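If you're wondering where the values come from, they're calculated on a predicted model, not measured in any experiment. Computed over heavy atoms, backbone and side chain alike; hydrogens, waters and symmetry mates excluded.
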Amino acid sequence: MKAFVVNKDGSTEIKEIPKPHYNSRQALVKTIACGMCGTDVKLLHHTFKGFPESVYPILLGHEGVGEVVEVGADCKTFHIGDKVLLPFVDPDPQLYPGLGSAWGALSEYAVVCDPEASYPEGAAIPECAYAQTVLDPSLDPVDAVMIVTFREVLSNIRYFGIQPGDSVVVFGCGPVGLTFIKFLNLCGVKEITAIDIIDEKLATAKEHGAAHIFNSRETNIDEEIHSLYPDGVDYVLDAIGAPFVVNQAMSLIKDRGTVLCYGVPEKEEITIDFSKASYNWSVIYQQMPRKAEEGAATAQVMEWINNGSLVIKDFISDYFKFDDAVEAYNKLLDRQISKKGIIVF
């Protein structure tokens, strides 16, 4: 099969490698599409936590959708023809010597695990299995890569404990930030402020439910937030993965307010200057949502899609052929993709 590889020197290429093996509790999936993500950017820059230089070259991609083409003998959940979320290619020293995997969904074939299969006594069900969900047939399987982001965001909102009536400042109006704003609004949160440096993205944030929008290059964020909320806000949400947001948030949150950090920053350390904060505050990092929580978010996401509250295409800006994936990722690195970019196989 063909697979997208990030080399040790940071270059990228499409290489021929063997199809992945699968066991009796797994299914083989032919990839239909894979979303491009900020996580990919950090992996391209060699700055993603848990992926040291030594594991490169790596197989990239984690927002995949594919069609089941072969099924293990013990599978109960998957059937040939099913469209499924989150197929992965695991690292395999025998099959892929010298090649690591950053989930590997940018490959022509990948594997899903069945949580309902019979596992040997004492064997753990792979965590990924709880989010490797069969898609509703009504969904376009290409656009359905957005379900990965949707479920991650909703599971994070639930984990963070944000409630209607809370005030939230969201830094970053890319695909993730816009999804947070939309979902917070759908969850009944109305006091949402969006911060970005691009007016077009801020206008879209307004459409998705932000009550207030500010360009941080053109205005004093501290003054604007305190003019709206003199005592500060309940939450500041970092939807960028940038440690500077934590320090900027210190003057924005109220007493016992919380800074919420979604995603993995490029450095695994941060120095917090809390001189402008109240005496009581919290910082919560959710770097990797739990797959069971992602899977549990599927029903609510589908309800919003089915009742028209959530339109998938509102979050997608670009489609690329898999053969053009190297060029597509160059565009992502050059910030030429405004919303979600999708690689189509």
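Between Ile253 and Ser278, the closest side-chain pair of non-hydrogen atoms is not below 4.5 Å. Annotation: side chain of Gln132 is not in contact with side chain of Pro115 (no heavy-atom distance under 4.5 Å). Using a 4.5 Å heavy-atom threshold, the side chains of Glu294 and Tyr130 count as separate. Proximity of Met250 to Val236: side-chain heavy atoms (C-beta onward) are nowhere separated by under 4.5 Å. Side-chain contact between Phe315 and His208 is present, with heavy atoms from C-beta onward closer than 4.5 Å.
Of the possible donor and acceptor atoms, one in the side chain of Gln26 sits under 3.5 Å from a partner among the backbone N and O of Asn23. Between the side chain of Asp234 and the backbone N or O of Asp166, no donor-acceptor pair lies under 3.5 Å. Of the possible donor and acceptor atoms, none in the side chain of Lys190 sits under 3.5 Å from a partner among the backbone N and O of Ala211. In terms of modelled atom types and a separation under 3.5 Å, the side chain of Asn7 and the main chain of Asp9 share no donor-acceptor contact. With Ser101 contributing its side chain and Trp103 its backbone, the two residues share a donor-acceptor pair below 3.5 Å. Side-chain N or O atoms of Ser282 include none that pairs as donor or acceptor with a backbone N or O of Thr258 at under 3.5 Å. Looking at Asn247, its side chain never comes within 3.5 Å of a backbone N or O of Phe244 through a donor-acceptor pair. At distances below 3.5 Å, at least one donor-acceptor pair connects side-chain atoms of Lys8 with backbone N or O atoms of Tyr56. Proximity of a side-chain donor or acceptor of Thr179 to a complementary backbone N or O of Pro175 within less than 3.5 Å is detected. A side-chain donor-acceptor contact under 3.5 Å links Ser317 to the backbone of Lys339.
Side-chain polar atoms of Tyr319 and Asp143 form a donor-acceptor pair below 3.5 angstrom. Side-chain contact check for Asp114 and Thr77: at least one donor-acceptor pair (N or O, by modelled atom type) lies under 3.5 Å. Side-chain contact of Thr298 with Arg151: a donor-acceptor pair under 3.5 Å is present, judged by distance alone. Looking only at atom types and distance, the side chain of Asn280 has a donor-acceptor partner in the side chain of Asp255 under 3.5 Å away. For the residue pair Glu293 and Tyr159, no side-chain donor N or O sits within less than 3.5 Å of a side-chain acceptor on the partner.
Tracing side-chain contacts under 4.5 Å through hydrophobic residues (I, L, V, M, F, W, Y), one reaches Val148 starting from Ile337; they form part of the same cluster. Residue Val41 is grouped with residue Met288 when hydrophobic side chains (ILVMFWY) are merged at heavy-atom distances under 4.5 angstrom, including chains of intermediate members. Put simply, Ile14 and Ile58 are part of the same group of oily side chains (I, L, V, M, F, W, Y) that touch within less than 4.5 Å, one to the next.
If you take CZ on Phe51 and NE2 on His46, they are separated by 11.5 Å, rounding to the nearest 0.5 Å. With rounding to the nearest 0.5 Å, the separation of CE in Met146 from CD1 in Ile312 is 8.0 Å.
Ring centers of Phe4 and Phe322: at least 6.0 Å apart, outside the cut-off.
Test Gln286, Glu152, Gln287 against Tyr262 for side chain to side chain donor-acceptor pair (under 3.5 Å) and you get one pass: Glu152.
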Verdict with supporting geometry, Thr12 and Tyr329, side chain to side chain contact (heavy atoms under 4.5 Å, CB included): CA-CA 9 Å; Thr12 60; Tyr329 272 94; 5.5 Å; no
